[in-house]
Amino acid sequence: MTDKATLILDGTEYEFPVVEGTEGEVGIQGTSLRGDSGAIFLDPGYGSTGSCTSEITFINGEEGVLRYRGYPIEELAEEASFEEVIHLLLEGHLPNRSELSALRDRLARHAHLSEDTIEVLQALPPQAHPMSILQTVVSSLGTIYNDDDEETAMYRLLGKMKALGAAIYRRRIGEPYLTSDPDLSYAGDFAHLAFGSPTGGSEVSEVVETALNQLLILHADHEQNCSASTSRMVGSARSDVYASVSAAVGALSGPLHGGANQKVIEMLHEIHESDKDVDTFIEKAKDKSDDFRLMGFGHRVYKNFDPRAKILKNSANDLLDELGQDDPYLEIARQLEQTALNEEYFTKRRLYPNVDFYSGTVYYALDIPTDMFTVMFALGRLPGWIAQRKEMLDEEQRIHRPRQVYVGENERHVEPIEQRD
Ligand code: ACO
């Protein structure tokens, strides 16, 4: 690969260094463009714009590859604990025994919600969407722990997030909050805090714990997606960790991002309840005059398959077998996938199931209410948001401040109101 790229603008040549990543990805380092030429690259939606170099996550969307710090997602999902993945994302390597035990102690120290936090939670409207509640309470932690240094805030939030997610769920179902059990894994403790009985000790089903552990790992990072970029963007202004993460939660809540997992199960429910078949909904998704999109399908980066969806499709099967459940939604999801993948509309646009397509069926099998699905996603994604922010701060990146091309009115002057149309 050449190490320079040349741009000719208005007859003048500008040269830019070419950066090549460890997996052969190529970027043209265009930072000097505006200073040298006065022009900018215009790329709404950032489809061809890299905001950083990163050592955290590698995705090859053409081949369906996802690796955290070089480890294939398939291996991590099978062999690691979520705590190991937290360490991997934040520190760059899988922990040895003593590092893992230190991390678990650290997370356990922060795994309770203070009275102040409970009060904030209780003050919010019970019918509010759990993602709005999560965003507000995460943000409020910045008012309570406003003296935290960066590292304390990171681990405090990692420790508290599962207690918070579980408390949001228990408030919703009208059950009292439980206390964290430091002897349980991150996934096991979440299951205990969310589903445990106040009198029943810490009995956590292994099947549920394994399924949750895998879900958390599969969601842990996904390089420069909308919410991770938000976390970096807010952090670039040197705002605190709570501000970065609450903004990232807000970004994740959107239906084109993490909110899609809720929309998928609502769509499967709609299909199940209707008297129309799967083909009718595929036709609706293809029809440009209809707003309906096949939720959980398509991805900005994956143009072949999303490896997380592949893993979850199998896990959903295994989980339902182990729980002895019959889930009508999984069958509809399979039919939708099969039908869509035989349709030119989807193959031509390279639209495949994404992580959200099957995660909903797993959450559903675990009895998690639909509007809590995106909170589960946020719980998994937290180490990614924090690792992305940490990497940006460690590199002392400048404040993120995109440019624009102004296409509005040229200068004009204020007319007295009676002269306006
Ligand atoms: N159903 C029907 N058509 C679709 C779908 C879909 N789910 N997704 C994309 N298309 C079509 C678009 O209409 C467009 O068609 P056109 O070229 O004829 O105009 C083409 O495919 C390209 O789609 P874009 O929206 O331009 O692709 P983009 O990369 O901007 O969006 C996105 C990706 C947001 C994921 C999109 O595929 C989508 O809306 N999917 C449904 C929502 C979803 O599942 N989101 C979760 C993403 S994964 C995550 O955040 C964890």
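These values consider heavy atoms only, across backbone and side chains, with no hydrogens, waters or symmetry-generated copies. Residue indices begin at 1 and follow the sequence shown. Remember, it's 1-based here, ligands and their atoms both numbered in the order they're listed.
Nearest approach of A167 to L121, heavy atoms of both residues: CB-CD2, 3.8 Å.
Atom 45 (N) of ligand 1 is approached by the protein to below 4.0 angstrom, counting heavy atoms only. The presence of a protein heavy atom under 4.0 Å from atom 41 (C) of ligand 1 is confirmed. Using a 4.0 Å threshold on non-hydrogen atoms, atom 37 (O) of ligand 1 counts as touching the protein. Distance check for atom 32 (C) of ligand 1: every protein heavy atom is found at 4.0 Å or beyond. Checking atom 27 (O) of ligand 1 against the protein gives no heavy-atom contact under 4.0 Å.
In this structure, Y145 has its ring center no closer than 6.0 Å to that of H110. When ring centroids are compared, F297 and F357 come within the 6.0 Å threshold.
At least one N or O atom of G296 sits closer than 3.5 Å to an N or O atom of ligand 1. Distances between N or O atoms of M295 and those of ligand 1 include no value under 3.5 Å. Not one N or O of D356 is nearer than 3.5 Å to an N or O of ligand 1, by distance alone. At a 3.5 angstrom cut-off on N or O pairs, N354 counts as close to ligand 1.
When only modelled atom types and interatomic distance are considered, Y242 and D148 share a side-chain donor-acceptor pair under 3.5 Å. Donor-acceptor pairing under 3.5 Å is recorded for the side chains of T117 and S114. Inspection of the E84 and S81 side chains reveals an N or O donor paired with an N or O acceptor under 3.5 Å. A side-chain donor from one of T374 and N261 sits under 3.5 Å from a side-chain acceptor of the other. Side-chain contact check for T280 and D277: at least one donor-acceptor pair (N or O, by modelled atom type) lies under 3.5 Å.
At a heavy-atom distance under 4.0 Å, atoms from both the backbone and the side chain of L256 approach ligand 1. Neither the backbone nor the side chain of N225 comes within contact range of ligand 1; no heavy atom lies under 4.0 Å. When heavy-atom distances to ligand 1 are checked against a 4.0 Å cut-off, R349 comes that close only through its side chain, counted from C-beta outward. Residue contacts with ligand 1, taken as heavy atom pairs separated by less than 4.0 Å, involve F377 solely via side-chain atoms from C-beta onward.
L351 CD1, 3.5 Å is the protein heavy atom nearest to atom 4 (C) of ligand 1. Ranking the protein heavy atoms by distance from atom 7 (N) of ligand 1 puts L294 O, 2.7 Å first. Nearest to atom 50 (O) of ligand 1 among the protein's heavy atoms is H257 ND1, 2.9 Å. The shortest contact between atom 24 (P) of ligand 1 and any protein heavy atom is with R293 NH2, 4.2 Å. Closest to atom 35 (C) of ligand 1 among all protein heavy atoms lies G298 O, 3.5 Å.
Short contacts between ligand 1 and A260, defined as distances under 4.0 Å to a heavy atom of the residue, involve ligand atoms 43 (C), 44 (O), 45 (N), 46 (C). With ligand atoms numbered from 1 in the order given, ligand 1 contributes 2 (C) to contacts under 4.0 Å with heavy atoms of A285. Residue R300 approaches ligand 1 through these ligand atoms, each under 4.0 Å from one of its heavy atoms: 28 (P), 29 (O), 30 (O), 33 (C).
Counting only heavy atoms from C-beta outward, the side chains of K263 and R293 never approach each other to under 4.5 Å. When side chains are defined from C-beta on, Y329 counts as touching H272, because their heavy atoms get closer than 4.5 Å.
Remark: distances from the non-hydrogen atoms of K288 to ligand 1 include one below 4.0 Å. For the ligand labelled ligand 1, residue Y345 lies inside the 4.0 Å heavy-atom shell.
Across H299, R381, K303, M267, heavy-atom proximity to atom 48 (S) of ligand 1 is greatest for H299.
Rounded to the nearest 0.5 Å, atoms CG (L218) and CD (E74) are 9.0 Å apart.
Note on residues 228-240: pairs passing side chain to side chain donor-acceptor pair (under 3.5 Å), not counting sequence neighbours, are Q224-R232, R232-Q388, R232-E391. Annotation: ring-ring contact (aromatic ring centres under 6.0 Å, His included) contacts involving residues 369-395, sequence neighbours excluded, comprise H219-F377, Y363-F373.
Taking the six-membered ring where tryptophan is involved, the planes of Y302 and H222 are tilted, since the angle between them lies from 30° to 60°.
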